[in-house]
Asks: 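First, the structure itself, so that you have it in front of you.
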Amino acid sequence: MTADGHTVRTERARNASLRELAATDELTGVHNRRSGRARLAALAERWAETPDQLAVLMLDVDHFKRINDGLGHDHGDEVLMAIARLLREVAGTGDVVRWGGEEFLVVLEGLKPQEARAVGLRILEEVRRTRLHGIPSLSVSGGLASLDEAFDVRDLVRIADQRLYQAKAGGRDQLI
């Protein structure tokens, strides 16, 4: 390979690495909100013919402030990393996005509504089973919405977010 070819190859690899860094949440290793939005928009176009098979699950770690305030931010970070790992495992091929703070968005594609709901319920159950040393039992609340219920992607996320807050208001540790 020529010196120029090596330089081009090195530069391409560096650019790919920078793109990955720009799209990933540093703490959890999942998509950040900006890249998650872009991915969701692309998927909405892909599933426009069958919008009932694209769903989002907005999740929020219940009582997260108690963990951060009572046990420290290191423990809070441990919780967020554990939840992100669990979401990647349970969601399978679905995209996981750290939406903000202790909120995650799971994008579920190619699933019928009842299948998407089953994934959401499985996530809640797996979080309940999660045990981290020195941290009390965990739970999450969730809101589920599918593209066929929404005008666009922004509306889809808004519906899921509203349902998440209904789950929180209804006692937490549930999926609406």
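Residue indices begin at 1 and follow the sequence shown.
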Asks: Under the criterion salt bridge (Lys or Arg N to Asp or Glu O under 4.0 Å), I'd like the reasoning laid out for E125 against R128: C-alpha separation, chi angles, the key distance, then a yes or no.
Replies: CA-CA 5 Å; E125 181 59 35; R128 284 183 209 115; 2.8 Å; yes
Asks: Would you name the heavy atoms of L27 and D77 that are closest together and state the gap between them?
Replies: CD2-OD1, 3.6 Å
Asks: Flag the pair E103 and R33 as a salt bridge only when some basic side-chain nitrogen lies within less than 4.0 angstrom of an acidic carboxylate oxygen.
Replies: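 Not counted as a salt bridge, because no side-chain N and carboxylate O are separated by less than 4.0 Å.
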Asks: Determine whether V96 and T28 make a side-chain contact, defined as any pair of heavy atoms from C-beta on separated by less than 4.5 Å.
Replies: no
Asks: R163 side chain to I176 main-chain N or O, any donor-acceptor pair under 3.5 Å?
Replies: no
Asks: Taking all heavy atoms of L156 and all of A150, pick out the closest pair and write down the distance.
Replies: N-CB, 3.4 Å
Asks: Dump the intermediate steps for side-chain contact (heavy atoms from CB on, under 4.5 Å) on R117 and L121, then the final yes or no.
Replies: CA-CA 6 Å; R117 181 163 182 74; L121 292 172; 4.1 Å; yes
Asks: Do I67 and L86 sit in one hydrophobic cluster, given that two such residues count as connected whenever their side-chain heavy atoms are within less than 4.5 Å of each other, even indirectly?
Replies: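 Linked within one cluster.
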Asks: Main chain of G101, side chain of R98: is a donor-acceptor contact present, judged purely on distance under 3.5 Å?
Replies: yes
Asks: Could you check whether any side-chain heavy atom of S137 comes within less than 4.5 Å of a side-chain heavy atom of R131, counting everything from C-beta outward?
Replies: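 They are in side-chain contact.
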Asks: Quick check on the hydrophobic clustering: are V56 and V30 connected, directly or via other members, by side-chain heavy-atom contacts under 4.5 Å?
Replies: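 No, V56 does not connect to V30 through the hydrophobic network.
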Asks: Quick check for you: to the nearest 0.5 Å, what is the distance between L138 atom CG and L124 atom CG?
Replies: 12.0 Å
Asks: Only one of D173, D62, D60 passes side-chain hydrogen bond (donor to acceptor under 3.5 Å, both in side chains) with S141; say which it is.
Replies: D62
Asks: Hey, is E89 close enough to R85 for a salt bridge, meaning N to O under 4.0 Å?
Replies: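 No, this pair does not count.
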Asks: Shortest non-hydrogen contact from F104 to A84?
Replies: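 F104 and A84 have their closest heavy atoms at CE2-CB, 4.0 Å.
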Asks: Minimum heavy-atom separation for I123 to L57, with atom names?
Replies: CD1-CD2, 3.7 Å
Asks: If you round to the nearest 0.5 Å, how far is CG of L40 from CD of E109?
Replies: 10.0 Å
Asks: What verdict does the side-chain contact (heavy atoms from CB on, under 4.5 Å) test give for W99 and D161, after you've listed the backbone C-alpha separation in whole Å, the side-chain angles of each residue and the deciding distance to 0.1 Å?
Replies: CA-CA 11 Å; W99 203 249; D161 198 42; over 6 Å; no
Asks: Check for me, please, whether V97 and V90 land in the same ILVMFWY cluster - side-chain distances under 4.5 Å, paths through other members count.
Replies: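 They do not share one cluster, since no chain of ILVMFWY contacts under 4.5 Å joins V97 to V90.
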Asks: What's the shortest heavy-atom distance between G36 and H31, and which atoms?
Replies: N-CB, 4.3 Å
Asks: Kindly compute the distance separating CG (L59) from CD1 (I83), expressed to the nearest 0.5 Å.
Replies: 8.5 Å
Asks: Are V119 and V107 grouped together when hydrophobic residues (ILVMFWY) are joined by side-chain heavy atoms under 4.5 angstrom apart?
Replies: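 No.
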Asks: Please say whether more than 12 non-hydrogen atoms of neighbouring residues, nucleotides or ligands are located less than 6.0 Å from CD in E26.
Replies: no
Asks: With distance as the sole criterion, is a donor-acceptor pair present between the side chains of S146 and D52 under 3.5 Å?
Replies: no
Asks: How long is the span from the CG atom in L164 to the CG atom in L105, to the nearest 0.5 Å?
Replies: 10.5 Å
Asks: Look at D155 together with R158 and state whether they make a salt bridge at an N to O cut-off of under 4.0 Å.
Replies: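 So D155 pairs with R158 through a salt bridge.
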Asks: If you take all heavy atoms of A116 and L144, which pair is closest and at what distance?
Replies: C-CD2, 4.1 Å
Asks: Could you state the interatomic distance from CZ (R66) to CG (L71), rounded to the nearest 0.5 Å?
Replies: 11.5 Å
Asks: Rounded to the nearest 0.5 Å, what separation is found between the CZ atom of R122 and the CG atom of L175?
Replies: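 Between R122 CZ and L175 CG, I get 14.0 Å after rounding to 0.5 Å.
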Asks: Any chain of hydrophobic side-chain contacts (each under 4.5 Å) joining L111 to L43?
Replies: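 In one cluster with L111: L43, no.
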Asks: With a 4.0 Å cut-off, would you call E126 and R129 a salt bridge?
Replies: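 Looking at R129 together with E126, the answer is yes, because their closest N to O distance falls below 4.0 Å.
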